[in-house]
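Counting convention: from 1, in listed order, for ligands and their atoms alike. Just so you know, residue 1 is the first one in the sequence shown, and it goes up from there.
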Amino acid sequence: MSHAVLACEQMAHADRWTIENAQIPGTTLMENAGAAVARAVLERFGHARRALVLCGPGNNGGDGYVAARILQESGMSVTAYAFGTPRGGTDAAIARSRYSGAVEPPEEFEPSRDDVVVDAIFGAGLTRDLPERVLVALHKARSATCPVVAVDLPSGVNGDSGADLGGALTADVTVTFFRKKPGHLLFPGRQACGEVVVADIGVRAEALAAKPPVIFENVPQLWGPVLPKPDATWHKYSRGHAAVFSGGKHATGAARLAALAAQRTGAGAVTILGQPDALDIHAAHLTSIMLRPCAPDDSYDRLGELKGCRACVLGPGFGDFTTARRLALSILQEADRTGLRLVLDADGITAFASESKALFDVAHAVVGQALVLTPHEGEFGRLFPDLAEDRSLSKVDKAVAAAARANAVVLYKGPDTVVAAPDGRAAINTNATSSLATAGSGDVLSGVIGGLVAQGLPLWEAACAAAWLHGEAGGAAGPLAVAEDIVARIPVAFGLLNQGRDTRAPWP
Ligand SMILES: NC(=O)C1=CN([C@@H]2O[C@H](COP(=O)(O)OP(=O)(O)OC[C@H]3O[C@@H](n4cnc5c(N)ncnc54)[C@H](OP(=O)(O)O)[C@@H]3O)[C@@H](O)[C@H]2O)[C@@H](O)CC1
Ligand SMILES: [K+]
């Protein structure tokens, strides 16, 4: 699966497996890697005055020496700069020996804006902060404002976490091999990488068979096959019924956005539950969404009266933490009997800030899973303070640990939203734009999840699909979008799925 994302250790395993089992020498893989880098340079920056290739002591540097040789053979003026010497007998040493052009010490590196810099100092093997002479060279390249092509990763970016250990260049293009790594998709790494080109260097996909990848880029292939297929025999309740709990009369907008988003996502019926004075406000705004009055202490009973209801959204604008806790716990305690699934967002999450164990305990008591949590960074820290503070964990690690702890699908929001399942699967979303950074955007997202869960999607797939649809809808709504515009563009996002009909589920 080309959308699988490999940890650096898995990538190293795939390299080794290919070398040992497919009898492809490491030098061949490195030749292919260096050739892919040279191709990227020539295609984009072949007009540059010089190619200045910064080569580290490991295999990343080896790729650099191969690229330097091929660029020179193609007629470019090339200088390599050696940041350390490859150990004798290594593939990198062989690559170094095959390059016959100039190799200078780092101090000689003086780029100008007409040059192209190839950053091949460190890749997957980066283990510690960058040495001073590397920082100096990267600073010179940044000051020269010349184009940069990074080999595997910009040096200084951690391939597993995307963390910048300090000083990494922002590349125009990053050429990586076989599959992307988390560091290409998680911020700040994603920003440092620029365009990411994934080159086939001969590493065999069978290398992954023994231990299939569990991290993915969030693409429609992951969940398209489980989207509902339109059926002429549908009626509104068989399409799925979603419920949204409203906040008080001065905080109704969030629930309305979630409800409208659930409806636009395809739920056949959507009901807002709330106190009568809040419903009066909703009634003035809504037409096709049903309204059901309830008091705080009978809200769970009223929910149970909704025909065919499979999903409810609790939290957007809700305000009342005590009722939120009682409702969430009741829904989960009865989930096996009712089949009801809970999307807990915003105030619904904050309500459990100092009582998360009660939530996690009832979620674990459910046979299967009934809970989706949608925290942004601050909310994540309220439910999982130890994970939030652990600097040794990547965003993917944190989301996966949180999902296991809570027995919930955790959609950890941000520009690089991660959707994790308790079984260890994680998808990194990559289509979010700044349009989504607007009030009410999160309410829309929780409604989209609720709408998909109401239609019977498994929770992880529903949350992944929702993150993608939300991203596309936001992009379609443009840079000055408000939350209502994002709701209105959800059908546009579904339309994009139809364009890839071969691999994605059909949609009307
Ligand atoms: N067959 C394959 O595997 C293929 C791999 N490929 C390529 O290999 C790359 C991974 O290669 P790699 O494992 O050699 O790691 P790499 O990033 O070159 O760094 C290791 C060297 O740097 C050193 N070092 C690290 N951090 C440092 C620091 N902060 N400051 C100073 N030194 C530091 C470290 O020293 P040590 O820690 O051992 O003392 C070691 O000498 C991968 O990104 C891809 O480009 C492709 O060719 C395809 C085939
Ligand atoms: K690099």
Side-chain angles (χ1 to χ4, degrees), residues 6-22 24-38 40-41 52-68 70 81-96 106 117-138 141 148-160 163-181 183-184 189 192-194 196-204 207:
L6 300 187
C8 292
E9 176 47 42
Q10 287 173 297
M11 178 67 204
H13 164 80
D15 280 335
R16 278 195 308 275
W17 190 97
T18 302
I19 292 165
E20 287 162 16
N21 297 284
I24 298 177
T27 48
T28 302
L29 297 179
M30 189 171 279
E31 277 295 318
N32 293 341
V37 172
V41 171
L52 307 181
V53 187
L54 312 179
C55 298
N59 288 330
N60 198 253
D63 298 345
Y65 286 114
V66 172
I70 295 171
Y81 298 87
F83 295 76
T85 309
R87 274 203 312 280
T90 60
D91 293 344
I94 294 168
R96 162 78 185 80
V117 166
V118 178
D119 169 6
I121 307 178
F122 302 120
L126 181 74
T127 50
R128 50 194 183 275
D129 288 346
L130 298 177
E132 185 59 24
R133 61 185 179 157
V134 172
L135 288 173
V136 169
L138 297 181
V148 174
V149 176
V151 179
D152 201 9
L153 293 151
S155 301
V157 170
N158 181 300
D160 285 326
D164 179 356
L165 302 186
L169 290 174
T170 299
D172 294 81
V173 187
T174 294
V175 182
T176 192
F177 314 114
F178 183 49
R179 297 288 184 269
K180 289 180 186 172
K181 320 299 173 307
H184 297 119
C193 287
V196 177
V197 173
V198 181
D200 176 3
I201 59 168
V203 173
R204 293 291 171 83

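- For ligand 1, the atoms closer than 4.0 angstrom to any heavy atom of Asp129 are 28 (C), 29 (N), 30 (N).
- Remark: minimum distance from atom 40 (C) of ligand 1 to any protein heavy atom is reached at Pro57 CG, 4.3 Å.
- Within the 4.0 Å heavy-atom shell around ligand 1 one does not find Gly26.
- Backbone and side-chain nitrogen or oxygen atoms of Gly125 are examined, and one is located within less than 3.5 angstrom of a nitrogen or oxygen of ligand 1.
- Only one option out of Asp15, Leu29, Val37, Val203 pairs with Phe177 in a side-chain contact (heavy atoms from CB on, under 4.5 Å); it is Val37.
- Set against the non-hydrogen atoms of Gly58, the atoms of ligand 1 under 4.0 Å away are 14 (O), 18 (O), 21 (C).
- Tyr81 is linked by a ring pair (Phe, Tyr, Trp, His ring centres under 6.0 Å) to Phe109, counting only residues two or more places apart in sequence or in another chain.
- Taking a 4.0 Å cut-off on heavy atoms, Ala12 fails to register as neighbouring ligand 1.
- Less than 4.0 angstrom separates some heavy atom of Ile201 from each of these atoms of ligand 1: 48 (C).
- Contact annotation: for Asp152 versus ligand 1, heavy atoms closer than 4.0 Å belong to the side chain alone.
- Looking from atom 29 (N) of ligand 1 to the surrounding protein, the closest heavy atom is Arg128 O, 2.7 Å.
- The set of protein atoms (N, O or S) found at less than 3.4 Å from the K ion (ligand 2) reads Asn60 OD1, Asp119 O, Phe122 O, Val151 O, Leu153 O, Ser155 OG, by chain and number.
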Inset, instruction - Show your working on salt bridge (Lys or Arg N to Asp or Glu O under 4.0 Å) between Arg16 and Glu9 and close with a plain yes or no. - result: CA-CA 11 Å; Arg16 278 195 308 275; Glu9 176 47 42; 3.6 Å; yes

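- Of all atoms in ligand 1, listed by their number and element, those nearer than 4.0 Å to a heavy atom of Gly123 are 16 (P), 17 (O), 43 (O).
- Looking from atom 38 (O) of ligand 1 to the surrounding protein, the closest heavy atom is Arg87 NH1, 4.8 Å.
- At the top of the distance list for atom 18 (O) of ligand 1, counting protein heavy atoms only, stands Asn60 N, 3.0 Å.
- Using modelled atom types, no side-chain atom of Asp160 and backbone atom of Ala7 make a donor-acceptor pair closer than 3.5 Å.
- Between Ala124 and ligand 1, at least one N/O pair is under 3.5 Å apart.
- Near Thr127, the atoms of ligand 1 lying under 4.0 angstrom from a non-hydrogen atom of the residue are 25 (C), 26 (N), 37 (O).
- Ranking the protein heavy atoms by distance from atom 33 (C) of ligand 1 puts Phe122 CE2, 3.2 Å first.
- Judged purely by atom type and a 3.5 angstrom limit, Asn32 uses its side chain to pair as donor or acceptor with the backbone of Ile201.
- At least one donor-acceptor pair under 3.5 Å links the side chain of Asp119 to the backbone N or O of Ser155.
- The protein heavy-atom contact nearest to atom 2 (C) of ligand 1 is Asp15 OD2, 3.1 Å.
- Residue Asp63 holds the heavy atom nearest to atom 44 (C) of ligand 1 of all those in Asp63, Val175, Asn59, Val151.
- Close approach of ligand 1 to Pro131 (heavy-atom distance below 4.0 Å) involves ligand atoms 30 (N), 31 (C).
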